[in-house]
Amino acid sequence: MKASIKREQIINVALNLFYKDGFNATGVEKIREAAEVSKKTLYNHFKSKDELILAVLRRRDEQFRNNFMRAVERFADTPNGRLEAVFDAAHEWFNGNNFYGCMFINASAEFTALENPFHIVCAEHKKLMHQYVEKLARDAGAKDPAKLSEQLNLLIEGATVHAHVCGDKNAALKAKEMGMVLIEDSVLGA
């Protein structure tokens, strides 16, 4: 098997295990066994567990944002509709197979120091999501796109935690009801 394929296999296996079981609770040996690679192969690709965690967080960021954006575009084809569809995309995520909350919230809870490289990657992910929603708000004609994005992202974050902690699979739809008030005030009230 090509080296790049092995590397991808290790990242994918680690991503699933870290997401389900946590970063600190998942050992390198468990990842190695699940990926069906030797220690040498694992350490040829990742010099440490920390290096693997960073690769996993970056991969999850890329996958999550791409999937989320595609879902928003699938749910709506107008600027206002896309802004509202962020909640529909979240609802779909919450109700998909293997929902264990937000990997970035989970990781930042395990690595709490703001200067921790893992925490920094988590904060970057949230910033990129904020920028995405801000662009949607701008495209929809919001009077203050940055403020509306901040408000909607806070609703989505709260819904994500509520869906994960309380098992409320309709948390995004409840957040959407609140979000619609903010959207209508910002876009229609502009």
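Position 1 is the first residue of the sequence; numbering continues from there.
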Quiz item: Could you walk me through whether Met103 and His125 pass the side chain to side chain contact (heavy atoms under 4.5 Å, CB included) check?
Solution: CA-CA 10 Å; Met103 179 178 265; His125 167 78; over 6 Å; no

Quiz item: Between Ala142 and Leu148, which heavy-atom pair has the shortest distance, and what is it?
Solution: CB-CD2, 3.8 Å

Quiz item: Could you walk me through whether Phe111 and Asn24 pass the side chain to side chain contact (heavy atoms under 4.5 Å, CB included) check?
Solution: CA-CA 9 Å; Phe111 307 106; Asn24 290 318; 3.7 Å; yes

Quiz item: Does Glu33 reach the side chain of Lys30, with side-chain heavy atoms less than 4.5 Å apart?
Solution: no

Donor-acceptor contacts, no H, no angles, side chain residues 82-90, under 3.5 Å, sequence neighbours left out:
unit_1: Arg82; atom_1: NE; unit_2: Ala76; atom_2: O; d: 3.4
unit_1: Asp88; atom_1: OD1; unit_2: Lys176; atom_2: NZ; d: 3.0
unit_1: Asp88; atom_1: OD2; unit_2: Lys176; atom_2: NZ; d: 3.1

Exercise. Check whether more than 12 heavy atoms from other residues, nucleotides or ligands sit under 6.0 Å from atom NZ of Lys135, and answer yes or no.
Key: no

Self-check item: Arg70 side chain near Asn67 side chain, heavy-atom distance below 4.5 Å
Solution: yes

Quiz item: How long is the span from the CG atom in Leu52 to the CZ atom in Arg32, to the nearest 0.5 Å?
Solution: 13.5 Å

Quiz item: Which pair of non-hydrogen atoms, one from Asn170 and one from Asp168, has the smallest distance, and what is that distance?
Solution: N-OD1, 2.9 Å

Quiz item: Under 3.5 Å, is there a donor-acceptor pair between the His119 and Ser108 side chains?
Solution: no

Quiz item: In terms of heavy-atom contacts, does CD of Glu157 have more than 12 from other residues, nucleotides or ligands at under 6.0 Å?
Solution: yes

Quiz item: In Å and rounded to the nearest 0.5 Å, what is the CG to CZ distance from Leu57 to Arg59?
Solution: 12.0 Å

Quiz item: Out of curiosity, Glu177 CD to Leu182 CG, how far, rounded to the nearest 0.5 Å?
Solution: 12.5 Å

Quiz item: To the nearest 0.5 Å, what is the distance between CZ (Arg7) and CG (Asn44)?
Solution: 12.0 Å

Quiz prompt | Minimal non-hydrogen separation, Thr160 against Gly101, with atom names | solution = CG2-C, 4.3 Å

Quiz prompt | Close side-chain approach of Lys126 and Cys102, heavy atoms under 4.5 Å | solution = yes

Practice problem: Please test Leu152 against Met178 for side chain to side chain contact (heavy atoms under 4.5 Å, CB included), starting from the C-alpha separation and ending with a verdict. | Solution: CA-CA 9 Å; Leu152 298 182; Met178 294 178 272; over 6 Å; no

Practice problem: Look only at the side chain of Glu92 and the backbone of Ala71, and say whether a donor-acceptor pair between them is shorter than 3.5 Å. | Solution: no

Quiz prompt | Same cluster (ILVMFWY, side-chain, under 4.5 Å), Phe94 and Phe75 | solution = no

Quiz prompt | Stepwise side chain to side chain contact (heavy atoms under 4.5 Å, CB included) check, Leu128 with Arg65 | solution = CA-CA 8 Å; Leu128 291 169; Arg65 285 187 300 109; 3.6 Å; yes

Practice problem: Using atom types as modelled and distance alone, determine if a side-chain donor or acceptor of Asn116 lies under 3.5 Å from a backbone N or O of Thr112. | Solution: no

Exercise. Would you check if Gln151 and Leu155 make a side-chain contact, meaning some heavy-atom pair closer than 4.5 Å?
Key: no

Quiz item: Looking at side-chain heavy atoms only, is the closest gap between Phe46 and Val28 below 4.5 Å?
Solution: no

Exercise. Would you check if Leu136 and Pro79 make a side-chain contact, meaning some heavy-atom pair closer than 4.5 Å?
Key: no

Quiz item: Are more than 12 heavy atoms from other residues, nucleotides or ligands located less than 6.0 Å from atom NZ of Lys47?
Solution: yes

Quiz item: For the residue pair Val56 and Ala14, what are the closest heavy atoms and their distance?
Solution: CG2-CB, 3.7 Å

Quiz item: Between Tyr100 and Tyr19, which heavy-atom pair has the shortest distance, and what is it?
Solution: N-OH, 3.0 Å

Self-check item: Parallel, tilted or perpendicular: rings of Phe64 and Trp93 (30°, 60°)
Solution: perpendicular

Quiz prompt | Pairwise distance CG(Leu15) to OG1(Thr26) - rounded to 0.5 angstrom | solution = 11.0 Å

Quiz prompt | More than 12 heavy atoms of other groups within 6.0 Å of Glu36 CD | solution = no

Quiz item: Can you name the residues that form a side-chain hydrogen bond (donor to acceptor under 3.5 Å, both in side chains) with Arg58, not counting sequence neighbours?
Solution: none

Exercise. Please examine the side chains of Val121 and Arg60, heavy atoms only from C-beta on, and report whether any two atoms are closer than 4.5 Å.
Key: no

Practice problem: Kindly check if the number of other-residue, nucleotide or ligand heavy atoms within 6.0 Å of NZ (Lys169) is above 12? | Solution: yes

Quiz item: If you round to the nearest 0.5 Å, how far is CZ of Phe18 from CZ of Phe23?
Solution: 6.5 Å

Practice problem: Using a 4.5 Å cut-off on heavy atoms from C-beta on, say whether the side chain of Asn98 contacts that of Lys20. | Solution: no

Quiz item: Are Leu173 and Ile156 co-members of a hydrophobic cluster defined by side-chain heavy atoms under 4.5 Å apart?
Solution: no

Quiz item: When hydrophobic residues are tied together by side-chain contacts of less than 4.5 Å, even through go-betweens, does Leu54 share a cluster with Ile31?
Solution: yes

Practice problem: Would you check if the side chain of Asp185 reaches a backbone N or O of Val181 as a donor-acceptor pair within less than 3.5 Å? | Solution: no

Practice problem: Please report the closest heavy-atom contact between Ile120 and Glu115, naming both atoms and the distance. | Solution: CD1-O, 3.5 Å

